[in-house]
K.L.:
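Please find one structure pasted underneath; my questions will follow.
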Amino acid sequence: MMEQISQLVETLKTGTGLWNPLIWIVAIVIAFLIVYIIRSFGNKDYKKGTEQTKAFLSGNPEYEKEKMHIKSSNIYWGFLESLKWAYNALDKMHTGNVSDYVLWFVVIMGVFFIIMGVL
Amino acid sequence: MSIEELFNFLLDHSPALIVAIPLLGAFLTPLVGKINDKVRNAFAILVVAFTSFLVFLLANDILTNNTIRTYVFGAENAGSPIVRILFEVDGFSAYMAIIASILAIAGVIYAWSHMKEHTGQDKFYTLVLLMIAGMFGMILTGDMFNFFVFLEITSIAACALIAFYTNKGKAVDAGFKYIVISSIGALFILFAIGILYSQYNALNMAVIADSITFSFLDKIALVLLISGLAMKAGIVPMHMWLPDAYGRAPASVTVILIGATQASLYGLFRMVFSVYGNVFSSIDVTKDTVINTINSVNSVGWMLIILAILTMLIGALMALKQSNLKRLIAFAALAEVGYMLLGVGVRLASKVSQDITIAGETTTQVAFQGYSATALTGSVFHIMNDALDIGLLFLVAGAIYLVTKETSLNKLGGLARNMKYTTVFFLIGLFAVSGMPPMNGFASKLMIYQSTFQLNPIIAIVAILCSILLLAVFVKVFHSAFLGPKLPSLKDVKEAPKSLLIAMGIIACIIIFIGLFPNLFVENIVTPAANAIMDSAKYITAVI
Amino acid sequence: MSGMSRIVKTMASITFPLTMIYGLYIIAHGHLTSGGGFQGGAVVASSCALILVAYGSVWTMGKIKEKSLSVFESLGAIGFIGLAFFGLIFGANYFFNNFLLKQDIIPFFNAVGTGASNINTAGIIPLMNFAVGLKVIVGLFTIVLVMAYATTKLKGEK
Amino acid sequence: MSIRNIVALAFFGVVALFLIFGALMTHPFGEFDEDNTPEMDQYIIDNTQSETGADNGVTAVVFDYRGFDTLGEATVLFTAVAGVIILFRRLKK
Amino acid sequence: MLFNLPYIAVVALILIGLAAVIFKRNLIKIVIGITLIESGVNLFLITLAYRGGSTAPIYTATTTEETIMSLPVPHALTLTSIVIGVAVLALMLTLVVHIYRHYGTLDARKIGREEE
């Protein structure tokens, strides 16, 4: 019985590294404790129902909730815009055409044939 | 007969029964369906549960004793020459069977509520059971042509199930693409089987592996096998059928479809490491094929590495762009397949031969680098993690579609306020699929990173980058679907039905268990499987 | 697909029994002469398809529904896999065991062929031929019938 | 003649070249010399009557030696019938 | 060399089918191409069965000791692969019918593009 328990908490060794989730969990709990202590320091001069709790959008009025929800196609807009060249190529690649699918199969087959035949 | 004898009987015949019982259930389903719906659903769940019980019985025996079981159909022993079909179950087959059984039972339980308001449920359950039987047959068989037959069973059943929503044009189109792709791939695999048969007059994998000489025809057969199975497994750039099929199929089917794709990947592993084991995994310098083929082995390994990097990058980048939830998860699944292929590529690329001089005489020595075993173990481990994580995410997506009838992420929002359990399950899947500690995805990805880093640091960096991209993708999904205010169109959504929650809960519990105790899992289940796939001589001598 | 002219219907109804008998002969002698369950089943299914073409799919669907056909097909498949399962119980306890051969408890199909054609041989192979034959007949005919009926409805819609 | 067709023709030619080479390297049609004697098939031809009792060697292979393939084959037909029926089903209850 | 003509025919059939799948736009023609590939593979399998001057592997009253019989296993494989081909063909045609219902066309380039 005891060795099963010990086997549960053993460390996974990956040749050069190791990984043990239980130690990680303990570490993360300690980190959260520290964060909570630091947070409790700033907690004294916090008053409910005053200006502090309102959202401050640099003076602009606050929208109502439905307007503030960001649609998923707007997220990472900058990333997609900066990688437009890659995405154009990928979109050109993904034609929904069955013949192109089979053509890619033939291309890969040819590449493997060349590798195998040459070497 | 006593319970002990019964267990021994079941264990002895389990390789046949694991395939035969789902088949019998599928043949019986149209008759049982005449009674009523609940009895039929319970019957299907019972059949799959009994099959999973047999799978765990068999896997327990094989993985603990580290043996290989063979089962001959229709005779006591295989005889010589081997004319009969025989199943050969080693550690890797048992490992894949465990994955397939978990996915199958989750999918069948999930389908109870998910398929409620659809017609033609008799045929639906028939096809699901046939697909499960084909999956197990592909995994357990030791005969090339039998592998092809079960591949076709899986493909045809999966195609009919992908096109289940016949009132949607895209679903039918995805089904057509899938059947075209899979039939062409299967036909080329059959062509390769014919080439091998014409040379060695044998259809048994072990016999062919024993007598293989890496001649020109063998090279052609190997190319046909690798390309066909890679297309079935959805490797870039032959992946385009995969998002269509995964995205358009019912969620309960998609989970089992993941298992079918993994079975094709299993076929790739088996063909490369067992059937061509004399070339790829053997280090016995007395065989001249081992020494002469180092270059082609390394080049195939680098080719697989390039394909794996492409798979990861394109999967992650395309997933970032999608706004259809199931299609997005399908691209993420594609990226996950790349990690498994990376391990195989690293293993093959690290095979070296050097001449060492001891006391004057020079001897040639062929060996794999030390890290390659870690790479293959990590990729074998990642097969199970990927199946569980992606399966859980697809189940969540199906639950969202069931309660909201929406697939576009732009029309979703604030679901966390109404669907608490589903949100928790999605969070678990998110952390797991993007390799965040302490979930299971992190352990396997860590093994792959570290072994790949020793081969070439840039590859490891790219792999880590793709993992980060996956995290970004699913954070976007979590924000836009679950967080935010209640949308007026989704005011009155309910929590998902019970059977969906049960199915998701099963997979989530397994994910957390593997994540918390990775070493236990790796030592007792993954390492025997990886050793079995790496040792081709044992696979051959188990039959001959 | 509506029915064809009277001549075609008459000729089809004359040819139907002959083709069916020929197919059943091929099924029954599968273990002695060339042929077997699949080939004979295909012949019989083609004769049924001939009737379908001659009389039209609507008439045929009125005669026989695909639900009953699928029940028959399930019966054929269950017979086939059931024979395989019987091998677990009788004989040497192996799946797909040819348990009828070389035993005297069940006195039919248990002889061993000796060159001359002898119908009473080959163990469970004739029974499997019959099961597969039933399965193939019903299966192919169901495919043709369902596709013909559905496409007929399609023409009706437009 | 688009760029796609040119690429397609190129790789198509590569595949064709290798397959034709393979076809020329296969053992001559219908000739079996010493180094490739068909042991498995010869064993079946010799023992089909004594082991399975069937005069027809092909039926012996289909239903006895490789009977499990035949089960899978029947299952494929069953699957196709189920698929055709489920795809042409009525969508309303 | 001349005696490899059947294998050349097999390769030709497979390549014709592959070309039909790649270069044709009509879905029906793609299906025909797949059946061509399949018939090529079947021809390859049944070609492997032949031995010089051999008869069918069936024992009849006229069988003697010196009768050469062709190999029985490729016959069985071809039978299985033919039945599988029939099943795949039925399913593909069913899906083509549905695609025509939804899109009103059979041009492979006009259908199946994922917009979102």
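The sequence lines fix the lettering, A, B, ..., with proteins before strands; numbering per chain opens at 1.
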K.L.:
For the side-chain contact (heavy atoms from CB on, under 4.5 Å) test, which of D:Val81, D:Ile85, D:Leu87 pairs with C:Val146?
P.N.:
D:Ile85

K.L.:
Count the heavy atoms of every other residue, nucleotide or ligand shown that sit under 6.0 Å from CZ of D:Phe21, and state whether that count exceeds 12.
P.N.:
no

K.L.:
Identify the heavy atoms of D:Leu77 and C:Glu73 that sit nearest to each other, and give their distance.
P.N.:
O-OE2, 4.1 Å

K.L.:
How many angstroms lie between atom OG1 of D:Thr59 and atom CE of C:Met128, to the nearest 0.5 angstrom?
P.N.:
12.5 Å

K.L.:
What residue in C:Val136, C:Asn129, C:Leu69 has the most heavy-atom pairs under 4.5 Å with chain D?
P.N.:
C:Asn129

K.L.:
Can you confirm whether D:Ile6 is buried at CD1, in the sense that more than 12 heavy atoms of other residues, nucleotides or ligands lie under 6.0 Å from that atom?
P.N.:
yes

K.L.:
For the residue pair D:Ala74 and C:Phe38, what are the closest heavy atoms and their distance?
P.N.:
N-CZ, 4.5 Å

K.L.:
Can you tell which part of D:Val58 gets under 4.5 Å to a heavy atom of chain C, answering side chain, backbone, both or neither?
P.N.:
neither

K.L.:
Can you measure from CZ (D:Phe78) to OG1 (C:Thr142) and round to the nearest 0.5 angstrom?
P.N.:
10.5 Å

K.L.:
Which one, D:Thr70, D:Thr75, D:Leu71, leads in non-hydrogen pairs under 4.5 Å with chain C?
P.N.:
D:Leu71

K.L.:
Measure up the D:Phe63 and C:Phe80 rings against each other and bin them: parallel (under 30°), tilted (30 to 60°), perpendicular (over 60°).
P.N.:
perpendicular

K.L.:
Do other residues, nucleotides or ligands put more than 12 heavy atoms under 6.0 Å from the CZ atom of C:Phe16?
P.N.:
yes

